[in-house]
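This structure is a prediction, so every number in the text was calculated from the model and none was measured.
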Amino acid sequence: MYKQRLQTEIRKPISIGYQLFLPSAYDEQEEKDWPLIVFLHGINRRGEDLSALDGYGLPAIAESRGIFKFVVAAPQCGTHSFWPIERDGVMAMIDHLVASCRIDERRIYLTGFSMGGNGAWDLAARYPERFAAVAPLSGWYQPEAAALLKDVPIWAFHGEDDDVVPVSGSRDMVQALQAIGGNIAFTSYPRLKHSIMSETYRNTELYQWFLRHERRENPAD
């Protein structure tokens, strides 16, 4: 029996579509670096046609506001895929936006709804050093992986009467993070079911909360 180890590098092609919202003052304030919110959609918006994201979720709410102080990027998950499979694509999109737009790398935020809520938990667990704060909506994850998220500011949201993803999907993660002293807040909506995007993304307190957090250059400091 031979015991060996292979050490090599591989290259992976990335193709991911996304919608991009720029604040109305983006072109005017040429010296400003803008905070970025990455929004991950739910399962019914998967596909290869970006028009499926029109009028939907956080980008639509950002467009409806006269003043919105964030760049918003909404990638699209492939037809038969799920957000944990698309980690490399989402991170490549973020890197591209940092290189091509005026993005404040200290203020990159992550949110998502339903399948996108699961994706937000997952991506933050895999890349905790990249996100200043995370807001999963109607999502779920693995409580046993809570230690990966201990130092990430998280505000989770869920409808108490959710009939698609039970509220326990968020509550179990919240309890696991509370048990290890994580930076976690939780809002549950009485009598609301699965669709909570309007209630959450129209709440100005969420954006104030985002801006109170920025990623430190060295998390060990």
> Which pair of non-hydrogen atoms, one from Val72 and one from Pro59, has the smallest distance, and what is that distance?
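Shortest heavy-atom contact: CG1-CG, 4.0 Å.
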> With a 4.5 Å heavy-atom cut-off, do Leu97 and Val71 have their side chains touching?
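Not touching, per the 4.5 Å side-chain cut-off.
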> Between Arg107 and Ala132, is there a donor-acceptor pair closer than 3.5 Å when you use the side chain of the first and the backbone of the second?
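Checked: no pair found.
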> Is it true that the NZ or CZ of Arg215 lies under 6.0 Å from the centre of Tyr109's six-membered ring and within 45 degrees of the ring axis?
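The answer is no; the distance or angle limit is not met.
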> Can you check whether Leu123 reaches Pro84 side chain to side chain, under 4.5 Å on heavy atoms?
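They are not in contact (no side-chain heavy atoms under 4.5 Å apart), so the answer is no.
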> Between atom CZ of Arg106 and atom NE2 of His213, what is the distance when rounded to the nearest 0.5 Å?
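The CZ atom of Arg106 sits 14.5 Å away from the NE2 atom of His213.
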> Can you check whether Phe70 reaches Leu211 side chain to side chain, under 4.5 Å on heavy atoms?
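Phe70 reaches Leu211 side chain to side chain.
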> What heavy-atom pair brings Arg45 and Gln76 nearest, and what distance separates the two atoms?
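Scanning both residues completely, I find the closest heavy atoms to be O-NE2, 3.1 Å.
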> Between Asn183 and Ile154, is there a side-chain heavy-atom distance shorter than 4.5 Å?
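Side-chain contact under 4.5 Å: no.
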> Search all heavy atoms of Gly57 against all heavy atoms of Met197 and return the closest pair with its distance.
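Where Gly57 meets Met197 most closely, the heavy atoms are CA-SD, 3.8 Å.
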> Please name the pair of heavy atoms, one in Asp151 and one in Pro153, separated by the smallest distance, quoted to 0.1 Å.
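Smallest heavy-atom distance, with atoms named: O-CD, 3.6 Å.
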> List the atom pairs, with distances to 0.1 Å, where a side-chain N or O of residues 163-178 and a protein N or O form a donor-acceptor pair under 3.5 Å, not counting sequence neighbours.
from, atom 1, to, atom 2, distance (Å)
Ser170, OG, His158, ND1, 2.7

> Using atom types as modelled and distance alone, determine if a side-chain donor or acceptor of Trp83 lies under 3.5 Å from a backbone N or O of His41.
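Flag set: sc Trp83 to bb His41 pair under 3.5 Å.
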> Who passes salt bridge (Lys or Arg N to Asp or Glu O under 4.0 Å) against Arg130, sequence neighbours left out?
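Once residues adjacent in sequence are excluded, the partners of Arg130 under the salt bridge (Lys or Arg N to Asp or Glu O under 4.0 Å) criterion are Asp95.
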> Could you tell me the separation between the CG atom of Leu192 and the CG atom of Asp162, rounded to the nearest 0.5 Å?
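Going from CG on Leu192 over to CG on Asp162, the span is 9.5 Å.
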> Is a side-chain N or O of Arg65 found less than 3.5 angstrom from the main chain of Arg202, in a donor-acceptor match?
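Side chain of Arg65 to backbone of Arg202: a pair is present.
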> For residues 16-37, dump all side-chain donor-acceptor pairs below 3.5 Å to protein atoms at least two apart in sequence or in another chain.
from, atom 1, to, atom 2, distance (Å)
Gln19, NE2, Leu50, O, 3.0
Gln19, NE2, Asp54, OD1, 2.8
Tyr26, OH, Arg102, N, 2.9

> Please report the shortest heavy-atom distance between Met93 and Val38, naming the atom on each side.
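That would be CE-CG1, 4.1 Å.
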> Could you tell me whether the side chain of Ser64 and the main chain of Ile61 form a donor-acceptor pair under 3.5 Å?
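Yes.
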> Which heavy atom in Pro75 sits nearest to a heavy atom in Leu40, and how many Å separate them?
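Closest approach of Pro75 to Leu40, heavy atoms only: CG-CD2, 3.7 Å.
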> Is there a path of hydrophobic side-chain contacts, each under 4.5 Å between heavy atoms of I/L/V/M/F/W/Y residues, joining Tyr207 to Ile196?
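Hydrophobic grouping puts Ile196 with Tyr207.
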> Angle class for the His194/Phe113 ring planes (parallel below 30°, perpendicular above 60°, tilted otherwise)?
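Answer is tilted, since the angle falls between 30° and 60°.
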> Residues two or more places apart in sequence or in another chain: which of them pass ring pair (Phe, Tyr, Trp, His ring centres under 6.0 Å) with Tyr189?
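Tyr189 satisfies ring pair (Phe, Tyr, Trp, His ring centres under 6.0 Å) with no residue once adjacent residues are dropped.
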> According to side chain to side chain donor-acceptor pair (under 3.5 Å), who are the partners of Ser138, at least two apart in sequence or on a separate chain?
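Applying side chain to side chain donor-acceptor pair (under 3.5 Å) to Ser138 gives none.
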> Just grab all the salt bridge (Lys or Arg N to Asp or Glu O under 4.0 Å) pairs involving residues 76-88, residues at least two apart or on different chains.
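For residues 76-88, and leaving out neighbouring residues, the salt bridge (Lys or Arg N to Asp or Glu O under 4.0 Å) pairs sorted by first residue read Lys12-Asp88, Arg87-Asp122.
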> Can you tell me how far the CZ atom of Arg46 sits from the CG atom of Leu53, to the nearest 0.5 Å?
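Rounded to the nearest 0.5 Å, the CZ-CG separation comes to 13.0 Å.
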> Evaluate side chain to side chain contact (heavy atoms under 4.5 Å, CB included) for Asn203 paired with Thr187, printing each intermediate quantity in order.
CA-CA 12 Å; Asn203 182 356; Thr187 294; over 6 Å; no
> Do Trp155 and Trp209 have ring centres separated by under 6.0 Å?
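Yes: the rings meet the under 6.0 Å criterion.
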> Honestly curious: do Phe186 and Phe131 fall in one hydrophobic cluster under the side-chain, below-4.5 Å linking rule?
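Yes, it is one cluster - the side chains of Phe186 and Phe131 are joined through contacts under 4.5 Å.
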> Going hydrophobic residue to hydrophobic residue with side-chain gaps under 4.5 angstrom, can you get from Ile180 over to Val134?
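Hydrophobic grouping puts Ile180 with Val134.
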> Is it true that Tyr56 and Phe68 fall in one hydrophobic cluster, defined by side-chain heavy atoms closer than 4.5 Å?
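Yes; Phe68 is reachable from Tyr56 via cluster members.
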> Could you measure the distance from the OG1 atom of Thr200 to the CZ atom of Phe157? Nearest 0.5 Å is fine.
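Rounded to the nearest 0.5 Å, the OG1-CZ separation comes to 5.5 Å.
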> If you round to the nearest 0.5 Å, how far is CE of Met91 from CD1 of Ile94?
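It comes to 4.5 Å.
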> Do Ile14 and Ile85 share a hydrophobic cluster (ILVMFWY, side-chain heavy atoms under 4.5 Å, transitive)?
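Yes, Ile14 connects to Ile85 through the hydrophobic network.
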> Between atom OH of Tyr201 and atom CG of Leu137, what is the distance when rounded to the nearest 0.5 Å?
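Interatomic distance, Tyr201 OH to Leu137 CG, rounded to 0.5 Å: 4.5 Å.
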